[in-house]
Number of protein chains: 2
Amino acid sequence: MVSGSDGGAGQAARPRRADAQRNKEALLDAAAAIFVRSGVEAPVRDIAAAAGVGTGTIYRHFPTRAELIIAVYRHQVEACAEAGPALTASSASPYAALGGWISLFVDFLITKHGLAAVLQSDNADFATLHSYFLDRLVPVCARLLDAAAAAGEIRSDIPPIELMRGVGNLCIGASGNPDYDARRLVGLLVAGLRLPQ
Amino acid sequence: MVSGSDGGAGQAARPRRADAQRNKEALLDAAAAIFVRSGVEAPVRDIAAAAGVGTGTIYRHFPTRAELIIAVYRHQVEACAEAGPALTASSASPYAALGGWISLFVDFLITKHGLAAVLQSDNADFATLHSYFLDRLVPVCARLLDAAAAAGEIRSDIPPIELMRGVGNLCIGASGNPDYDARRLVGLLVAGLRLPQ
DNA sequence: TGCTAAGCGGAACAAGGTTCCGTATCGTTA
DNA sequence: TAACGATACGGAACCTTGTTCCGCTTAGCA
């Protein structure tokens, strides 16, 4: 659930004052709404204005833009991570589980306008965002990859982190672009993993 | 030297004054050097300083940062475009020609720190850069793709532009990153194109 | 040797992220 | 319930980066 907004592993402590807690939630709500409308690159000032707070308030709750983005998508990243083992259990084969999970990840990325781009940016400001995604999801991917490799369905020489970054990269610029179907390209990539029977 | 420096298709006219021409060349040389050292995202001011000119001078010769980048890489993009037909003639099969050409393109991109990222950015400022690359290279790619599809070696449902963008995306963040081998991933993608014999 | 269009430099502007600090407010305590 | 100190707030100010503007300089021609 993560409902209480935090309490998770490396998350900042809940504010002591009720108004601060309210502002934090207003900020998360406003940011989520604006990210949908304008993408994750929306200016901090716009988010602050939508939440009815000053820019300083954003920075007290979220030390950088990247942390705000992480907080907004934390639930969904968690859900994606948790779907890994579930898919292993419910799929016909390890390869099918891998494909299903990657498809989930792709759906997540391409519905978040601009997220994929910011994720791969080598801009130091987004290092936190980058590592959060990777730390949480790479191990899940690694398990799926290992299982499929162990079953002899795919090559075993692709590092999980490389596959994740590749998939992430393929999702860049996919939102609402009629002549770029990221799903299809990721499909190609995953097909390329297969070993000949 | 950047020799003739222009005279190409849609290029701006050569300046009337000798000093202007010298500045333009100094700018191209300085930009090339800085792009190697700091990547294509280097600030305009740094490039101007390195060339020993004011920022205004950059903008007279290159209306935007993107046009400067285009000018710096024009030769290499041309060379890449021209390699397409050559590979078709010299390769064992259409599929081999396609693979060889894409490999050339990937080498070009990953040796240009940050170019791939800026290429795919949906930032309107780089639309010119984006379209220059696409206009010049997509037709070349299309021919290679068509030939391989006609020979029955690969699927025929992937639009050339999509493949190009996919390959470009996979090259993002590849420069000097030890745990991301873009060449390998592009190899996977191209392998995914194959039809079973 | 002048004249003038072409070209130059860099200050100024816009936009975006982040920091700072005086002020307002919460929540506790007397 | 009134006062007080810690907590939080707002938004002006700062920094960086792309781009524009404009008064001054100079190449090239007559």
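Here is how names work: the chains are called A, B, and so on, in the same order as the sequence lines, proteins then strands, and each is numbered from 1. Just so it is clear, the model here is predicted, and its values are computed rather than measured.
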Distance check needed: [N] [atom2] versus [X] [atom1], whole Å only.
X	N	atom1	atom2	result
A:I58	C:dC20	CD1	P	18 Å
A:E25	D:dA8	CD	P	14 Å
A:R65	C:dT19	CZ	P	14 Å
A:F62	D:dA8	CZ	C1'	14 Å
A:L129	C:dG17	CG	P	14 Å
A:L27	D:dA8	CG	C1'	13 Å
A:N23	D:dT7	CG	C1'	12 Å

**OP:** Can you figure out which of C:dT18, D:dT19, C:dG7 approaches the side chain of B:A20 most closely?
**Re:** C:dG7

Original post:
Which nucleotide in the list D:dG11, D:dG18, C:dG9 gets nearest to the side chain of A:T55?
Top reply: D:dG11

Are OP1 or OP2 of [N] and a side-chain N or O of [X] less than 4.0 angstrom apart?
X	N	result
A:Y59	C:dT18	yes
B:T57	C:dG9	yes
A:R60	D:dA8	no
B:H61	C:dC8	yes

**OP:** Evaluate the ring planes of A:F108 and A:Y73, with Trp represented by its six-membered ring, and classify them as parallel (under 30°), tilted (30 to 60°) or perpendicular (over 60°).
**Re:** perpendicular

Original post:
If two hydrophobic side chains count as joined below 4.5 Å and joins carry through other members, does B:I172 share a cluster with B:L185?
Top reply: no

Original post:
Honestly curious: do B:L170 and B:L145 fall in one hydrophobic cluster under the side-chain, below-4.5 Å linking rule?
Top reply: yes

**OP:** Decide yes or no for B:H130 and B:Q120: does some side-chain heavy atom of the first lie under 4.5 Å from some side-chain heavy atom of the second?
**Re:**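 Yes, their side chains come closer than 4.5 Å.
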
Subject >> A:R65 charged N/C atom sitting above A:Y59 aromatic ring, 6.0 Å / 45° >> reply: no

Original post:
Hey, can you pull the residues of residues 32-53 of chain A with a non-hydrogen atom under 4.0 angstrom from DNA chain D?
Top reply: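 The answer is A:R45, A:G52, A:V53.
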
Original post:
At their closest point, which heavy atom of B:F35 faces which heavy atom of B:V40, and how far apart are they?
Top reply: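 In terms of heavy atoms, the two residues are closest at CD2-CA, 3.7 Å.
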
Original post:
Using a cut-off of 4.0 Å between protein heavy atoms and nucleotide atoms, how would you tag nucleotides 22-30 of chain C 5' to 3' with B, S and -?
Top reply: ---BSS---

Original post:
Do B:T128 and B:E67 get their side chains close enough for a donor-acceptor pair, meaning under 3.5 Å?
Top reply: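 Short answer, no.
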
**OP:** Decide if atom CZ of A:R143 counts as having more than 12 heavy atoms of other residues, nucleotides or ligands within a radius under 6.0 Å.
**Re:**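 Open.
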
Original post:
Which pairs with one or both residues in residues 161-178 of chain B pass salt bridge (Lys or Arg N to Asp or Glu O under 4.0 Å), sequence neighbours excluded?
Top reply: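 Those involving residues 161-178 of chain B are A:R184-B:E162.
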
